[in-house]
Number of protein chains: 2
Amino acid sequence: MVRLKDVAYQAGYDISTVSKVLQGGNIHVSAEARERITKAAAELGYRPNLMARGLRTRKAGAVVLGFPCLDHPMYPAITEGAEQAATELGLALFAYKFPPEGAANALLDLVRQGRADGIILASEVPDCDFVKLATESRVPVITLNEYSTDPTLSVVLDDAAGFALQATYLAGLGHTRIAYVGVHPESTGSRSCEESFKESLRKQGVLIDPSYIFGGSFGGDNASEVVDQILKLEQRPTAIATASLTMGTRIIRELSTRGVDVPNQINVIGYHDSKQAEWTTPSVTTVRMPSVVQGRCAVERLFAVLNSQKSLAAEVISEPIEVIERESCCLLSEMNLPHLPND
Amino acid sequence: MVRLKDVAYQAGYDISTVSKVLQGGNIHVSAEARERITKAAAELGYRPNLMARGLRTRKAGAVVLGFPCLDHPMYPAITEGAEQAATELGLALFAYKFPPEGAANALLDLVRQGRADGIILASEVPDCDFVKLATESRVPVITLNEYSTDPTLSVVLDDAAGFALQATYLAGLGHTRIAYVGVHPESTGSRSCEESFKESLRKQGVLIDPSYIFGGSFGGDNASEVVDQILKLEQRPTAIATASLTMGTRIIRELSTRGVDVPNQINVIGYHDSKQAEWTTPSVTTVRMPSVVQGRCAVERLFAVLNSQKSLAAEVISEPIEVIERESCCLLSEMNLPHLPND
DNA sequence: TTGAAAGCGCTAACAC
DNA sequence: GTGTTAGCGCTTTCAA
């Protein structure tokens with residue numbers, strides 16, 4: 001291991017001078033010293049020992065992106081953005097998949113033990129306990145959902161706009177009988193997504209019957225049951241809006257299994273985007289949310305908090321939100337319906 | 001922050017005694033001391049400062065699982081196993097998505113700067129440079145492919161067995177005209193997968209024409225071209241074996257687009273498994289490889305290397321390997337072929 | 001412009 | 001069985 005001391009010896013300067021130069025600030029050091037020290041460091045292949053630095057400065061220079069699972073299609077996008085920002089800010093970014101049980105402590109310990117300076121919590125389920133525990137331990141946390149009591153400690157997507165767009169898009173295709181499959185029916189976030197969806201539809205003169213509203217999950221584990229219920233409906237909807245891409249994909253699969261063709265007999269739209277949406281038959285039309293931007297902003301905000309620039313106002317990421325048109329939706333008039341809905 | 005010193009004060013013992021007790025070894029300490037110290041630590045909510053400990057012991061107590069991307073369906077499985085082992089061994093496990101360019105140094109610096117003790121490289125593409133650089137820097141690395149010059153520093157899957165099983169399965173369904181779409185045609189690993197596939201087929205009396213062999217990638221980006229070529233073949237194969245689930249999925253999609261029904265007109269089989277394989281129509285039959293075990297063994301091996309128990313012999317994970325039967329394959333006799341192949 | 005020195009929290013060798 | 005002490009590599013204040 002090459003230490004500051006070794007570089008100092010090689011360059012002929014004191015260790016403290018070397019330290020100053022290698023930190024690259026605007027310190028008052030002669031050009032010659034700067035040059036010789038830089039050269040010596042490069043020759044020796046010096047790398048600062050971050051444990052020693054961290055012990056001294058009480059900063060780890062790292063942040064953690066905590067996930068409940070690695071296979072949700074939204075996470076790669078968040079990670080991509082977070083990584084960009086982390087690189088720019090000189091932070092190390094670790095992805096940490098926390099275990100379902102004891103999630104809170106495993107994650108918080110990363111900071112309490114000095115491995116990281118803060119946490120970005122990308123949990124899909126509301127976890128107020130975590131935020132409370134973090135606050136008590138004074139662990140800086142940015143959530144990617146609105147679980148925080150302090151809205152400036154969250155970076156949320158504008159799901160109201162996202163679901164409004166989803167609704168507008170379906171209405172624009174001519175649909176009037178639309179089912180909605182949400183996620184986490186118990187959470188207020190999901191409730192407001194549903195409200196926004198319905199409200200947007202209402203504005204366009206489309207009313208949605210309560211019996212057309214279903215609960216689900218991001219993973220779409222109950223897709224089969226939901227499809228059964230939808231197909232039992234007295235008046236079958238011509239479109240199904242879902243709150244996750246996976247749910248959309250799995251609903252399409254369940255419909256196919258039962259001989260219902262998408263999009264000809266029923267349309268399905270997802271929420272959030274991923275390359276995988278292209279690989280199924282039919283490919284999945286979906287509302288793409290700016291998850292990359294969200295990841296980026298989360299890291300920037302955490303950085304600001306860590307440096308106590310707490311001036312940042314609460315932020316909602318609302319651009320770009322767009323419908324990615326693929327095969328699972330089409331104009332109502334182009335569908336192959338047994339009989340047109342009667343109103 | 002609660003320090004050892006604070007616990008010592010509270011318990012009425014010296015800091016060094018506290019240190020010994022809290023490390024939990026078989027140190028000679030009175031039962032009373034042990035009890036009072038443990039109690040004080042709990043009351044105060046003491047967490048060891050890992051930077052201080054690491055500085056002193058020259059160990060980070062953490063290992064890194066380096067990925068090129070987060071969205072390959074194989075990675076969640078590897079991570080799951082790695083995480084189990086890490087938890088058991090008391091190591092922190094970080095997932096680190098390294099940038100395409102400068103991958104080597106970004107990852108190696110994690111160790112050279114003392115953030116982690118070793119690296120598990122889950123790269124899908126051969127990267128000999130990395131292993132060479134790591135060796136030069138004396139950074140412990142376990143690769144999940146056979147790039148290492150030292151076979152004891154890799155934990156590889158028994159792909160020979162996997163592809164043999166794939167071949168056996170297709171032959172068992174009655175197929176004799178089988179196309180093979182590999183990955184990374186340039187690497188020796190892929191070559192031997194192909195050889196194993198062909199050899200296994202040969203043993204069952206099935207010869208595979210060189211024109212039925214195609215190159216590809218894990219991501220299946222050239223699925224469209226491959227399908228075009230396959231459909232142009234004078235004698236169309238009745239089955240397509242692929243070396244990745246994603247490639248298999250995308251090939252099915254491209255076939256559907258062109259009006260070719262899977263499995264009735266052609267069978268497709270993937271390699272590696274994931275929940276996603278269930279969600280498409282048709283669902284994808286695939287060879288499931290023991291990636292969870294691989295992840296677990298990789299961490300265990302790295303741990304052994306870090307503690308210089310270098311006695312471990314080279315290891316190939318070969319259980320369990322099994323075919324997960326889904327809808328993309330069926331008996332040749334049950335297919336709906338325009339005319340049976342003429343031999 | 002440069003150097004001396006203290007100390008971050010912890011471990012481990014050693015003395016008592 | 002318990003305490004003393006040196007020092008891991010670094011930053012930073014202060015003095016020269």
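Chain A is the first sequence line, chain B the second, and so forth, proteins listed ahead of strands; every chain is numbered from 1.
- The side chain of B/Thr57 lies closest to C/dT11, out of D/dT12, C/dA4, C/dT11.
- To the nearest 0.5 angstrom, B/Leu89 atom CG is 9.5 Å from B/Leu302 atom CG.
- Considering only side-chain N and O atoms, B/Tyr13 lies nowhere under 4.0 angstrom from the phosphate OP1 or OP2 of D/dT4.
- Heavy atoms of A/Ser19 sit under 4.0 angstrom from at least one base atom.
- A donor-acceptor contact under 3.5 Å links the side chain of A/Lys20 to the base of C/dG3.
- Side chain of B/Val29, nearest nucleotide from D/dG9, D/dT12, D/dT2: D/dT2.
- The backbone N or O of A/Arg3 lies less than 3.5 Å from a partner atom in the side chain of A/Asp6, making a donor-acceptor pair.
- The nucleotide whose nearest atom lies closest to any side-chain atom of A/Ala33 is, among D/dT11, C/dC10, C/dT2, C/dT2.
- The side chain of A/Ser30 lies closest to C/dT2, out of C/dT2, D/dG3, D/dT11.
- Using a 4.0 Å heavy-atom criterion, one finds that B/Met1 contacts the sugar-phosphate atoms exclusively.
- Contacts of A/Ser16 with the nucleic acid, taken as non-hydrogen atoms under 4.0 Å apart, include base atoms.
- Across the interface with DNA chain D, nearest-nucleotide mapping of A/Ala52 and A/Asp14 shows A/Ala52 to be the residue nearer the 5′ end.
- Regarding contacts with the backbone of C/dG9, a side-chain N or O of B/Arg3 is found under 4.0 angstrom from either OP1 or OP2.
- Each of D/dG9, D/dT12, D/dA6 was ranked by its minimum atom distance to the side chain of A/Leu55; first place goes to D/dG9.
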